[in-house]
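I have placed the structure first, in the form of structure tokens, so that the comments after it can refer back to it.
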Amino acid sequence: MDEDIFELETNIPEFIKNELDSEQLEAVVNSRGRSLIIAGPGSGKTRVITYKIAYLMYNGINPKNILLVTFTRAAAKEMIERVKNVTNSDIEEMTAGTFHHVCNAILRRYAGKLGYKNNFTILDSEDAKDVLKIARNEYKENIGDRAQKLPKENVIMKIISYSKNTLKSLRESILEVSSNLIEYENDIEYIWQKYAEIKKDINAMDYDDILVNTAVLFRMNKEILQFISSKYRYVLVDEFQDTNKIQLEIVEALSSVHGNLIAVGDDSQSIYSFRGARFENVKEFMENSTLFKIQTNYRSTPEIVNLVNEMIPLNSVHKTLKSVRNSIDKPIIIETFDDLEQSEAVVKIIKEKLDEGLEPNEIAVLYRSHFLSMTLQQKLDSKKIPYRLLSGKRFIETAHIKDILSFLKIVQNPYDKISWTRALKLFPKIGSKTAVRVYENIFDSLNDNKNLEIGLETSLLKKNKNVLNFFVELFKNNTASDIIEYVFKNHYKEYSKLTFKDSRSRNMDIERFIEIADKYETLEKFLEEMTLSENIKVSSSRKEKEEKEVTLTTIHGSKGLEWKVVILISVNPGDFPNGMAIREKRIDEEERLFYVAITRAKNELYILKQVTGTVNPYMRNSFVFMKKENDFIKRIPNQYIKKLKTGYKRYF
DNA sequence: CTCTATGAAGTTTTT
DNA sequence: CTTCATAGAG
């Protein structure tokens, strides 16, 4: 461990001392070696990390020897900006990003050691599912009657992903994810193997592989690990409660040379277990690390903090939050009749607040699942209240953008079967069979060390001169924006007109996409940003200018954010807590979600419920679980809240 | 083989 | 509102 830099402990610079309270200062100055900082909601966690980095720099640590792993790319960027402001210096060289960004950067260099090429494609969840489907179908052809009952791709994917992220055996994973499928253990194992083979063939990794392969690389090549790890004198991990086993292994490896691993998080806010995250990482890490607790809450009023303390999830590390703010009002519970009346109540609250002079961007509506906001969205539209959606379909998940991306991906990685078939099928008379055969031609010629053009020409495309020329010319473009422009002008604009009813707005999206792409120097950087962190949502992408808007988001999407007024809707057993979670007895995660939701509020918190549960428009049967223990609102002691009824005016 | 029409079924959260 | 499977026409 590095001991060389802390002679200055008693001489902490003013610019740090003046900005932090005693708990924060303790964590900033004394965290070293293996340290765990448990920072409650609103406790200035970002501030602590910012000043930790500033303090390290003050003590002569070069920022390029610091690694900061955050949950989102945006968080990393924000942190860098803040450090720049505080230290008045350029820290461009610090490595900061999500696990996926950090691992991706490493793999782009060492993919060869794992049997991949460095220009590998990153498969998003949908593409990965397509690859698994290929594997499953190949297998299906060989097993006769059994094929009828073979589990669906997404179930198999869930099991595989679980196994990879938890480092558990396939058998154990099946038993934990979907125990009734244990009789298919051998089938799933075979399909998994096939899936892995195809990914290598087409030079592609899924999201889990990015992490798993990095861990494997470190396990196999101690020299490479030594080389990378010796660079990072300090490794800082934010949102530690949402890390999984593999991620813990990776940061432990990365900090193995200097031994400085500082984890920051709040186990009560662990809400990503479906992705393999384990809040237990916090408890286990606590056993052999120095612990710092930060329990002062600067964000919320005492009334809100009282409620929060009452609702601390079970199994959390003990904590009691202290508010330092002045009183305003108790949280308000509003019981409405149904979805529609709830939306009316929300609109009424928002209007009231806007009349009081609050800016729209100080107000947020939170919910458990996207569909719970549908009725509200219509109401807000009709009342002309501007809002932005943080949840919902991402820009790059829309069909037209995925189409365009497939052309970019084949230029980057000509082995990418998924993108080739997607791109080819956009031309008339080319369906899935032809597309696969063309791909196989290309694949063979690439493997025979011939160039791509020969592969194209020897393929079936020679019958279709236009399409052939289109692809030959495509590969002469280099930058992302050139490629998009080429595809759009020479094919997609026309295709879009013939295919989509809303081609106008889709084409506008693509034009915007060209502008975004123009900001990236290389195709690789652009694709990396798109697949790993591009976070533009469909609705906001079509807005002309940035205006102040009310935020609508899932609780997951609200992580790390705060608003003066927070309105949490549809807290009905079955909606929130989620019905599936209740059935599968995963209520503790729902408790943590509730905790995250109510701790987003600075001044005012409204919690809405309905007498009748929300009807999921996509679901035949919606269940309402009225059992008392599943109703979060019934758990709240009366003294902490004010209760209102809207009077069911529409119905009585 | 492609393309379209039809009906059925599946639904949480996302780097 | 999707995606998936199937049938039938070209």
Query raised in the report: How many Å lie between CG on A:L532 and C1' on B:dT14, as a whole number?
Result: 13 Å
Requested in this report: Kindly write out the residues that satisfy side chain to side chain donor-acceptor pair (under 3.5 Å) with A:D416, not counting sequence neighbours, or none if the list is empty.
Outcome: A:T121, A:S419
Query - Under-4.0 Å salt bridge between A:D631 and A:K609 - result: yes
Report summary line: Taking B:dT15, B:dT12, B:dT14 as options, the one with an atom nearest any side-chain atom of A:H100 is B:dT15
Query - Euclidean distance, atom CG of residue A:D575 to atom P of B:dT12 [Å, nearest integer] - result: 13 Å
Report task. Map A:F274 and A:F427 onto DNA chain B by nearest heavy atom, then report which one ends up closer to the 5' terminus. Result -> A:F427
Requested in this report: Return the value, rounded to whole Å, for the distance between atom CD of A:E397 and atom C1' of B:dT13.
Outcome: 13 Å
Query raised in the report: Which residue, A:F99, A:F71, A:F285, A:Y272, forms the ring-ring contact (aromatic ring centres under 6.0 Å, His included) with A:F240?
Result: A:F285
Requested in this report: Using a cut-off of strictly less than 4.0 Å, decide whether A:H370 has a side-chain nitrogen or oxygen near OP1 or OP2 of B:dT13.
Outcome: yes
Query raised in the report: Please give, in whole Å, the distance from C:dC4 C1' to A:E153 CD?
Result: 9 Å
Requested in this report: Kindly point out which of B:dT15, B:dT12, B:dC1 is positioned nearest to the side chain of A:Y207?
Outcome: B:dT15
Query raised in the report: Is the shortest side-chain N/O distance from A:K133 to OP1 or OP2 of C:dC4 below 4.0 Å?
Result: yes
Query raised in the report: So, is A:T434 near the phosphate of B:dT2, with a side-chain N or O under 4.0 Å from OP1 or OP2?
Result: yes
**Report entry** Length of the CZ-P vector between A:F99 and B:dT14, whole Å
**Finding:** 19 Å
Query - Below 4.0 Å: OP1/OP2 of B:dC1 and any side-chain N or O of A:R437 - result: yes
Report task. Remember a base hit wins even if backbone is also touched, and classify A:F71 as base, sugar-phosphate or nothing at under 4.0 Å, heavy atoms. Result -> sugar-phosphate
Requested in this report: Give the rounded distance in Å between these two atoms: CD of A:Q269 and P of B:dT13.
Outcome: 20 Å
Query raised in the report: If you draw the axis of the six-membered ring of A:F120, does the NZ or CZ of A:R108 fall within 45° of it and under 6.0 Å from the ring centre?
Result: yes
Query raised in the report: Checking only heavy atoms, does the side chain of A:R586 share a donor-acceptor pair with the base of B:dT12 at less than 3.5 Å?
Result: yes
Query raised in the report: Base, sugar-phosphate alone, or nothing: which one does A:I271 contact when heavy atoms must sit under 4.0 Å apart?
Result: nothing
Report task. Assess the pair A:Y139 and A:W192: is the distance between their ring centroids shorter than 6.0 Å? Result -> no
Query raised in the report: What is the distance, rounded to the nearest whole Å, between atom CG of A:D130 and atom P of C:dC4?
Result: 8 Å
Query raised in the report: A:I582 CD1 to B:dT13 P: how many Å, rounded?
Result: 16 Å
Query raised in the report: Does the side chain of A:T554 get closer than 4.0 angstrom to OP1 or OP2 of B:dT12 through an N or O atom?
Result: no
Query - Closest listed nucleotide, where the reference is the side chain of A:S369 and the choices are B:dT13, B:dT14, B:dC1 - result: B:dT13
Query raised in the report: Nearest nucleotide by nearest heavy atom, which residue falls closer to the 5' end of DNA chain B, A:A581 or A:P428?
Result: A:P428
